[in-house]
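Just so it is clear, the model here is predicted, and its values are computed rather than measured. Every heavy atom of this structure was used, including side-chain atoms; hydrogens, water molecules and symmetry mates were not.
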Amino acid sequence: MSQVMDQARRLAPTDVTILLLGESGTGKELVAKFIHQASSRKEQPFIRINCSSIPENLLESELFGYEAGSFTGGAAHGRKGLLEHANGGTVLLDEIGDMPYPMQSKILRVLQEKEIMRIGGNQPIRLDIRFIAATNRNIPELFRSDLYHRLNMAPLRIPALRQRKEDIPLLIEYFLSHFNQEYQTAKGMDQKLSAALSSMPFYGNIRELRNLMERLMILSPGNELRLEDF
């Protein structure tokens with residue numbers, strides 16, 4: 001993980017497209033935010049676009065925007081897309097492995113030409129955006145090869161938590177502090193419970209550990225989280 005963050009620091013000042021790979025819950029969005037904050041764009045917008053949560057028939061208008069009168073039900077004066085709102089900053093294309101195939105060629109053009117065309121428009125709009133993509137899926141099997149090679153310029157693979165178990169005690173300490181502050185408590189954890197958690201596989205990675213810690217903090221009756229509580 002230290003090597004991953006060292007690479008992220010070296011990539012941050014550049015505008016190269018970064019592809020974050022790793023299982024769900026490993027912290028890909030946090031790494032993307034770190035890269036943005038360590039770049040010269042840190043005062044500009046950071047916009048996360050979840051490619052799997054936007055319906056396919058709305059994805060193009062959400063990303064590129066549209067001109068007035070482009071379709072029934074649209075805003076009377078048209079609307080900027082998310083990419084225009086991010087101009088000057090950083091865009092995280094999260095879950096890009098779920099992007100519909102017809103959209104892939106349009107995203108490739110944005111990456112190559114740094115411009116978009118609103119739906120119903122006839123004038124290209126220039127963009128100055130740093131792109132980061134993230135996925136927990138096997139992109140070569142899902143993507144057209146030209147887009148894959150464009151995204152894969154600087155891949156960063158974030159290891160699963162079970163591959164870096166030495167991080168678990170550090171994360172436990174962090175979440176103890178975080179939830180003590182959030183719930184205005186002063187709970188600690190005994191060593192037996194810490195050891196038990198450190199041996200777990202955590203297939204949901206840091207997200208699973210975080211959720212487990214929050215449940216323990218809420219449901220444990222005493223001021224110390226014990227193995228019996230778990």
Side-chain angles (χ1 to χ4, degrees), residues 4 8 11 16-37 41 45-66 70-71 73-75 79-87 89-112 114 116-119 127 129-163 201-212 214:
V4 169
L11 289 168
V16 67
T17 302
I18 296 173
L19 178 61
L20 300 175
L21 302 165
E23 296 178 7
S24 179
T26 51
K28 296 186 291 295
E29 183 178 352
L30 289 175
V31 173
K33 287 179 178 178
F34 169 82
I35 291 169
H36 174 70
Q37 288 296 324
R41 300 176 182 270
F46 174 88
I47 292 184
R48 172 183 175 263
I49 300 171
N50 189 322
C51 300
S52 67
S53 67
I54 303 173
E56 183 174 348
N57 61 329
L58 296 178
L59 188 57
E60 185 173 358
S61 63
E62 287 291 314
L63 292 181
F64 302 142
Y66 55 86
S70 297
F71 51 84
R79 187 174 132 186
K80 284 184 178 182
L82 291 170
L83 295 180
E84 269 190 85
H85 283 294
N87 207 4
T90 302
V91 165
L92 170 62
L93 296 170
D94 203 5
E95 307 294 351
I96 197 168
D98 295 321
M99 177 173 286
Y101 200 84
M103 276 297 298
Q104 294 180 19
S105 60
K106 297 176 181 180
I107 287 295
L108 176 63
R109 187 175 185 278
V110 175
L111 292 170
Q112 290 178 334
K114 300 292 186 182
I116 61 168
M117 189 90 74
R118 288 186 187 178
I119 296 174
L127 295 178
I129 292 175
R130 201 275 176 76
F131 284 95
I132 302 174
T135 184
N136 58 8
R137 304 181 68 181
N138 189 3
I139 279 193
E141 296 178 358
L142 302 167
F143 266 44
R144 45 186 294 161
S145 60
D146 48 2
L147 178 56
Y148 170 67
H149 292 304
R150 188 66 180 79
L151 290 171
N152 201 40
M153 294 173 65
L156 285 179
R157 183 170 294 278
I158 303 176
L161 186 55
R162 62 186 172 277
Q163 296 170 327
F202 285 112
Y203 292 110
N205 293 293
I206 299 173
R207 185 180 293 121
E208 181 184 354
L209 174 58
R210 183 192 191 280
N211 293 343
L212 178 58
E214 186 168 18

> Are the side chain of Asn50 and the backbone of Ser52 linked by a donor-acceptor contact shorter than 3.5 Å?
Replying inline: yes

> Which residues satisfy the side-chain hydrogen bond (donor to acceptor under 3.5 Å, both in side chains) test with Thr90, sequence neighbours excluded?
Replying inline: His36

>> Holding to ring-ring contact (aromatic ring centres under 6.0 Å, His included), I want the full list of residues that pass it with Phe64, two or more places apart in sequence or in another chain.
In response: none

> Which heavy atom of Ile35 sits nearest a heavy atom of Leu156, and at what distance?
Replying inline: CD1-CD1, 4.4 Å

> Under 3.5 Å, side chain of Arg130 to main-chain N/O of Val91, donor-acceptor pair present?
Replying inline: no

> If you round to the nearest 0.5 Å, how far is CD of Glu62 from CD1 of Ile119?
Replying inline: 9.5 Å

> Among all residues two or more places apart in sequence or in another chain, which pass the side-chain hydrogen bond (donor to acceptor under 3.5 Å, both in side chains) test with Gln37?
Replying inline: none

>> Restricting to side chain to side chain contact (heavy atoms under 4.5 Å, CB included), what partner residues turn up for Asn136, sequence neighbours left out?
In response: Ser24, Lys28, Glu95

>> Nearest 0.5 Å, please: how far is CG in Leu21 from CG in Asn152?
In response: 7.0 Å

> Within the distance-only criterion (no hydrogens, no angle test), does the side chain of Asp98 pair as donor or acceptor with the backbone N or O of Cys51 below 3.5 angstrom?
Replying inline: no

>> Which residues pass the salt bridge (charged side-chain N to carboxylate O under 4.0 Å, His left out) test with Arg109, not counting sequence neighbours?
In response: Glu115

>> If the condition is salt bridge (charged side-chain N to carboxylate O under 4.0 Å, His left out), which residues does Glu84 pass it with, not counting sequence neighbours?
In response: Arg118

> Quick one: which of Leu19, Leu93, Ile18 gives a side-chain contact (heavy atoms from CB on, under 4.5 Å) with Phe131?
Replying inline: Leu93

> With Pro159, which residues qualify under side chain to side chain contact (heavy atoms under 4.5 Å, CB included), at least two apart?
Replying inline: Met1, Val4, Gln163, Arg164

>> Evaluate Asn205 against Ile158 for side-chain contact (heavy atoms from CB on, under 4.5 Å), listing each step before the verdict.
In response: CA-CA 11 Å; Asn205 293 293; Ile158 303 176; over 6 Å; no

> Measuring from Ser53:OG to Leu58:CG, what's the distance to the nearest 0.5 Å?
Replying inline: 11.0 Å

>> On a heavy-atom basis, which atom in Leu92 and which in Ala134 lie closest, and how many Å separate them?
In response: CD1-CB, 3.9 Å

> Who are the side-chain hydrogen bond (donor to acceptor under 3.5 Å, both in side chains) partners of Asn87, not counting sequence neighbours?
Replying inline: none

> Could you go step by step and tell me if Lys106 and Val110 meet the side-chain contact (heavy atoms from CB on, under 4.5 Å) rule?
Replying inline: CA-CA 6 Å; Lys106 297 176 181 180; Val110 175; 5.8 Å; no

>> Would you say that more than 12 heavy atoms from the other residues, nucleotides or ligands in this model lie under 6.0 Å from the NZ of Lys80, or not?
In response: no

> Are the side chain of Glu208 and the backbone N or O of Tyr203 linked by a donor-acceptor pair below 3.5 Å?
Replying inline: yes

> Going through the distances and angles, do Ile49 and Ile54 end up as a side-chain contact (heavy atoms from CB on, under 4.5 Å)?
Replying inline: CA-CA 9 Å; Ile49 300 171; Ile54 303 173; 4.0 Å; yes

>> Test of understanding: with side chain to side chain contact (heavy atoms under 4.5 Å, CB included), list the residues that count as partners of Gln112, not counting sequence neighbours.
In response: Leu108, Arg150

> What's the shortest heavy-atom distance between Ile132 and Ala32, and which atoms?
Replying inline: CD1-O, 3.9 Å

>> So, taking the atom named CG in Leu111 and the one named CD in Gln104, what distance separates them when rounded to the nearest 0.5 Å?
In response: 11.5 Å

> With sequence neighbours left out, what residues match Arg162 under side-chain hydrogen bond (donor to acceptor under 3.5 Å, both in side chains)?
Replying inline: Glu23

> Who pairs with Pro45 by side chain to side chain contact (heavy atoms under 4.5 Å, CB included), at least two apart in sequence or on another chain?
Replying inline: Ile47

